[in-house]
A.B. asks: 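First the structure, which I've put down as structure tokens, then a few questions once you've had a look.
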Amino acid sequence: MNYWLMKSEPDVFSWDDLERKRRASWDGVRNFQARNFMRDQFRLGDCVLFYHSSCAEPGIIGIAKVVREAYPDPTALDPKSDYYDPASAKAGASRWFMVDIEPVQRFKRLASLAEIRGNSGLQTMLLLRKGQRLSIQPVTEKEFKTIKKTWG
DNA sequence: GCCAACGTTGGC
DNA sequence: GCCAACGTTGGC
């Protein structure tokens, strides 16, 4: 069992959108390191911290789980998509991958970035590291449990 | 392979 | 909107 944090801008795709859809494919990842995590390490049943970024109140809003392991992201081949990738189109196959997730539990209270920063048990989180912009990050079991216990 | 230029992320 | 930090691109 692995633990992850996935960032999404709520204006683009929010926790409410996930609950409404019941199941979502995580398309649009266009960073190699984030892709590699999904493609090589995401397993069925892995737990995901759903993080709202670039918004008034950034923070973790709930827990989701992986319900399908990596498969090619078709938006890379769609010229009309915001996520179109000419290099994939040229190669004739998507260079990018996605997984499917489902919502598990919305937190009682947002685990805001400010509160996470103030929690002595969470100082190891990659999220808090200066300059860390990865949209998909590994989380330790200990970090995950602390977050679930505190805000879940 | 170097590195400058450019684009993106994301908190504030 | 600002800007620090980082990733990617492309000329050489």
Side-chain angles (χ1 to χ4, degrees), chain A residues 2-21 24-42 46-66 69-101 103-140 142-144 146-148 150-152:
Chain A
N2 305 308
Y3 301 92
W4 307 99
L5 180 144
M6 295 169 96
K7 297 179 186 173
S8 185
E9 299 183 25
D11 289 347
V12 179
F13 190 81
S14 68
W15 174 268
D16 286 344
D17 293 327
L18 178 64
E19 286 197 337
R20 213 170 294 125
K21 287 186 72 174
S25 45
W26 205 259
D27 60 13
V29 170
R30 296 293 180 266
N31 170 282
F32 289 106
Q33 207 178 339
R35 178 201 70 180
N36 293 348
F37 280 134
M38 282 200 293
R39 189 189 58 187
D40 304 334
Q41 296 189 44
F42 270 54
D46 280 1
C47 293
V48 173
L49 298 171
F50 195 109
Y51 182 88
H52 280 171
S53 66
S54 295
C55 56
E57 263 203 306
I60 300 163
I61 185 161
I63 295 170
K65 69 176 175 189
V66 175
E69 293 180 4
Y71 59 108
D73 178 351
T75 62
L77 300 174
D78 177 4
K80 289 192 279 296
S81 170
D82 289 343
Y83 305 127
Y84 178 62
D85 172 36
S88 291
K90 196 175 174 197
S94 180
R95 299 192 296 164
W96 303 105
F97 288 79
M98 59 190 188
V99 298
D100 289 356
I101 64 168
V104 173
Q105 171 196 353
R106 185 187 187 118
F107 284 169
K108 294 198 212 64
R109 203 158 67 71
L110 180 81
S112 73
L113 180 60
E115 283 186 77
I116 292 169
R117 194 165 270 142
N119 186 306
S120 61
L122 297 175
Q123 298 306 301
T124 51
M125 288 193 75
L126 289 179
L127 183 68
L128 302 184
R129 193 171 295 177
K130 185 175 177 174
Q132 180 55 266
R133 300 175 313 169
L134 257 188
S135 65
I136 295 178
Q137 306 178 356
V139 172
T140 68
K142 176 175 162 288
E143 291 161 353
F144 182 86
T146 298
I147 289 165
K148 186 174 178 181
T150 308
W151 291 280

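Lettering follows sequence order; numbering is per chain, from 1.
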A.B. asks: Of all the heavy-atom pairs spanning Ser14(A) and Pro10(A), show the shortest one and how long it is.
C.D. replies: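 For Ser14(A) versus Pro10(A), the nearest heavy atoms are CB-O, 3.6 Å.
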A.B. asks: Arg117(A) near the nucleic acid: base, sugar-phosphate alone, or nothing, with a heavy-atom cut-off under 4.0 Å?
C.D. replies: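 Sugar-phosphate contact only.
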A.B. asks: Roughly, in whole Å, what's the span from NZ in Lys130(A) to C1' in dC12(B)?
C.D. replies: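 In whole Å, dC12(B) C1' lies 14 Å from Lys130(A) NZ.
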A.B. asks: Would you kindly give the CD-to-P distance between Glu9(A) and dG10(B), to the nearest whole Å?
C.D. replies: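 In whole Å, dG10(B) P and Glu9(A) CD are 7 Å from each other.
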A.B. asks: Reckon Tyr51(A) has a side-chain N or O less than 4.0 Å from the OP1 or OP2 of dT9(B)?
C.D. replies: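 Result: no.
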A.B. asks: Taking the minimum atom-to-atom distance to the side chain of Arg133(A), which one of dG10(B), dG11(B), dT8(C) wins?
C.D. replies: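 So the nucleotide nearest the side chain must be dG10(B).
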A.B. asks: Return the value, rounded to whole Å, for the distance between atom CD of Gln33(A) and atom C1' of dA5(C).
C.D. replies: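 For the pair Gln33(A) CD and dA5(C) C1', the rounded distance is 14 Å.
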A.B. asks: Measure from CZ on Arg35(A) to C1' on dT8(C) and round the result to the nearest Å.
C.D. replies: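 Atom-to-atom, Arg35(A) to dT8(C), this comes out as 14 Å.
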A.B. asks: Expressed in angstrom and rounded to an integer, what is the separation of Leu126(A) atom CG from dT9(B) atom P?
C.D. replies: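 In whole Å, dT9(B) P and Leu126(A) CG are 19 Å from each other.
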A.B. asks: Over 60° means perpendicular and under 30° means parallel, so classify the ring planes of Phe50(A) and Trp26(A), tilted if in between.
C.D. replies: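 Aromatic pair Trp26(A)/Phe50(A) classed perpendicular.
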A.B. asks: Once you round it to whole Å, what is the distance between C1' of dG10(B) and CG of Leu113(A)?
C.D. replies: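 In whole Å, dG10(B) C1' lies 10 Å from Leu113(A) CG.
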A.B. asks: If we count only N and O atoms by modelled type, under 3.5 Å, do the side chains of Asp78(A) and Thr75(A) hold a donor and an acceptor together?
C.D. replies: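 Thr75(A) and Asp78(A) do not have a side-chain donor-acceptor pair below 3.5 Å.
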A.B. asks: Do you know which two heavy atoms are closest between Ser88(A) and Asp85(A), and how far apart they sit?
C.D. replies: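 Taking Ser88(A) first and Asp85(A) second, the nearest heavy atoms are OG-OD2, 2.5 Å.
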A.B. asks: For Asn31(A) and dG10(B), what is the distance between atoms CG and C1' respectively, to the nearest whole Å?
C.D. replies: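 After rounding, the gap between these two atoms is 14 Å.
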A.B. asks: Between dG10(B) atom C1' and Arg30(A) atom CZ, what is the distance in whole Å?
C.D. replies: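 Going from CZ in Arg30(A) over to C1' in dG10(B) covers 19 Å.
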